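Just below is one structure, and these are the notes that go with it.
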There are 2 protein chains.
Amino acid sequence: MAGTRRRGAGRGRPTLEEVAARAGVGRGTVSRVINGSPQVSERARLAVERAVAELGYVPDRAARALAANRADTVALVIPEPETRLFAEPYFSDIIRGVSAELAEADLQLLLILIRTPKERQRFAEYLSAHRVDGVLLVSVHADDPLPDLLERIEVPAVLGGRRSAHESVPYVDSDNAGGARCAVEHLIERGRAAVATITGPLDMYAARCRLDGYRAALRTAGREVDPELIEAADFTEEGGRLAMRRLLARRPRLDAVFAASDVMAAGARQVLREEGRRVPEDVALVGYEDSAVARHMDPPLTSVRQTTQEMGQAMVRVLLREIESRSERTADRPRLVLPTELVRRGSS
Amino acid sequence: MAGTRRRGAGRGRPTLEEVAARAGVGRGTVSRVINGSPQVSERARLAVERAVAELGYVPDRAARALAANRADTVALVIPEPETRLFAEPYFSDIIRGVSAELAEADLQLLLILIRTPKERQRFAEYLSAHRVDGVLLVSVHADDPLPDLLERIEVPAVLGGRRSAHESVPYVDSDNAGGARCAVEHLIERGRAAVATITGPLDMYAARCRLDGYRAALRTAGREVDPELIEAADFTEEGGRLAMRRLLARRPRLDAVFAASDVMAAGARQVLREEGRRVPEDVALVGYEDSAVARHMDPPLTSVRQTTQEMGQAMVRVLLREIESRSERTADRPRLVLPTELVRRGSS
DNA sequence: AGGTAGCGTGGGAGCGCTCCCACGTTGATG
DNA sequence: CATCAACGTGGGAGCGCTCCCACGCTACCT
């Protein structure tokens, strides 16, 4: 029991003090060097750097966090509704982007998946307990209280995707309306006469934006928007199937479909096959997200690519700026909308 | 500047000391209550619990980590090779399982994606710097030095998937051989005469196990293993295509294919279509992983399901046991192999 | 010459905990 | 009635940092 105190990682790691002793300077000077303060003479800096290298010194994050009252940690929060609305590629791309950008800034990524109300509660405690420097929230629903909670307890936060047109919290979003418009314009250019759309749940802002884009494209082309060609679904495959059936029942002559997600497009495609409609000859199909599903469909699905990974990176950059300017609470919160791109494949 | 010291989250959060004062006890007693020590009188416990509730006290993790020399944190390390060998569902399922199980134990999940050698280096520093209580490693290649590094610096670690038959580090794996055997037995039962296989890279243990399962199933059925029906690929779609072409060239009469991954099966399926072979009438096809790709294929792909999420959970449980028994370094390291299950769909 | 910025520096204080020692206080024991 | 565990308890010491004050020193002013 004596002397063998358990060590999370590596017993006898050198401390600041030991580095200072070896370099023949004081603790303060070593700290200044470590943290890149300009207030250090060249001589001292070199001595410290040498000692650090020789001892293999790595500052202890826990001690740092306690003393400096920061965490060097950012939490990425992913609420997970019962149905896994967003396909996996979205999340893993976000994570990729976030991770890359955080690594750049030498920050840690704390991943928090919220499934149950209990876990939500736990997360709220985290915010005070663990000291995260900031929070990234993705896939937030319009009625989610989390962003406001964060706002209230003054934890810097950035949303991935707005909740509404007038989002009060800083956010990074992708150009849903633009992407949808582009997709529909493409279908029109291809000479399609009756372009239908399968939308996402319209209580989600992103879904509404995509619908707006669909409408805008039609109007720009001088066409009328036929409400019978619009069918709302829920971003799932089954929803896509149902919507497609209804659309075909109402407008059997439709010759193009813009689905607001690849997964819904996959569902629609199944129904089209069942009904003996060829893709793209009889009906052209375009999806949204450019996920793996799109590439594996037959024929491969034309889809709107969102630069999800870059969205993750952008979120981190915005968050870091927020953390930086913590004190000078400026009125205008940063916001950023990333472009989308149409990826043309065999289905249109 | 005075008084407005920046606070990661929540200024003026109550401290242990304040709780102690309010409860009319000493710091030690509060600490004991918080940590569930039995050495506390009922009276004191109640007083403390009341004070905690009234003040909304949440222990500070950084202080705790520093004082107790532990981190309450587990790192999940995902090395990301250039080609994203493993499909997304695998990782997100692992993450899901890990997250759920860690939440249970009130531990944090630190997600570490390693892309570049530089990030690898950074991670090595983490291990000493940040104090993680343990590390979970998935998708580790046979020649990966990381597990040995962890072993050396005595950080508890658990692998998801072995590197070889004689894995020295504790691991949780799924029954690759059994799953493959089951898939091939299924094809044999369906009356298929010439069952081919497209394997993963054979320097990966999982790929070798699946090939072993293939062989075992044939032998059990009293059949010979025809090496011409075996083609190695690399878990990618393109690899699946190439392998399928070679197999067809060598053995045009084959009537079944077991692909060691869904993605390779998707590639094979494309070639089969090009060659005018119907699935499943002419050639039955079975994949491995039961990913989204399998469900979206046409016809839907029969595939071997691995309970990836449970694998994540199991990894955490094993890791926690490892951390627990840190001191009494027992010789036998825990290992666990999870079962697989065949999901039958239209392709076979 | 004395005054005074300013820089580089050492080290005290303290972040909020856990650990552990030493101190009552009790009840069973000889 | 003294002796001794066993229990519950308070609080000192310290985890490894950062922050900041106060000190010496040089260089420049008047």
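Chain letters run A, B, ... following the sequence lines, proteins first and then strands; every chain starts at 1. In this text, all values refer to a predicted model and were calculated from it rather than measured experimentally.
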Exercise for the section: Give the rounded distance in Å between these two atoms: CG of Asn69(B) and P of dA13(D). Expected result: 21 Å
Practice task
Send over the distance from Glu17(B) CD to dG10(D) P, rounded to a whole Å.
Solution key: 12 Å
Handout entry: Whether over 12 other heavy atoms sit under 6.0 Å from Glu104(A) CD
Key = no
Problem - Atom-pair distance (CZ on Arg43(B); C1' on dT25(C)), nearest Å - result: 14 Å
Completion exercise
In whole angstroms, the gap separating C1' of dC17(C) from CG of Asn35(B) amounts to 10 Å
Handout entry: Leu16(A) side chain, from C-beta outward: closest of dC17(D), dC19(D), dT9(C)
Key = dC17(D)
Completion exercise
Closest to the 5' end of DNA chain C, once Gly28(A) and Gln39(A) are matched to their nearest nucleotides, is Gln39(A)
Completion exercise
Separation of dG16(C) atom C1' from Arg13(B) atom CZ, nearest Å, is 9 Å
Fill in the blank from the handout: Against the side chain of Leu66(A), the closest entry in dC19(C), dG16(D), dG8(C) is dG16(D)
Practice task
Go through the side-chain N and O atoms of Asn69(A) and Arg64(A) and say whether any donor and acceptor fall under 3.5 Å apart.
Solution key: no
Handout entry: Side-chain N or O of Ser31(B) closer than 4.0 Å to phosphate OP1/OP2 of dC17(C)
Key = no
Practice task
Test the Arg61(B)-Tyr126(A) pair against the cation-pi criterion, namely NZ or CZ under 6.0 angstrom from the six-membered ring centroid and within 45° of the ring axis.
Solution key: yes
Handout entry: Which residue lies more 5' along DNA chain D, comparing Arg32(B) with Thr15(A) via nearest heavy atoms
Key = Arg32(B)
Exercise for the section: Look at the side chain of Ala67(B) and decide which nucleotide, out of dT18(D), dG16(D), dC15(D), has an atom nearest to it. Expected result: dC15(D)
Fill in the blank from the handout: To the nearest angstrom, the CZ-C1' distance between Arg64(B) and dG14(D) comes to 18 Å
Problem - Separation of atom CZ in Arg61(B) from atom P in dC17(D), rounded to whole Å - result: 21 Å
Problem - Polar pair under 3.5 Å, donor/acceptor by atom type, side chain Arg27(A), base dG12(C) - result: yes
Exercise for the section: Name the nucleic acid region contacted by Ala44(A), choosing base, sugar-phosphate or nothing; use a 4.0 angstrom heavy-atom cut-off, strictly under. Expected result: sugar-phosphate
Problem - For atom CG of Asp60(B) and atom P of dT18(C), their distance in whole Å - result: 10 Å
Handout entry: Minimal non-hydrogen separation, Met311(A) against Ser174(A), with atom names
Key = SD-N, 4.3 Å
Practice task
Look at Ser41(B) and dT9(D) and indicate whether a side-chain polar atom (N or O) is within less than 4.0 Å of OP1 or OP2.
Solution key: yes
Practice task
Would you tell me whether Thr29(B) and Arg45(B) have side-chain atoms, one donor and one acceptor, within less than 3.5 Å of each other?
Solution key: no
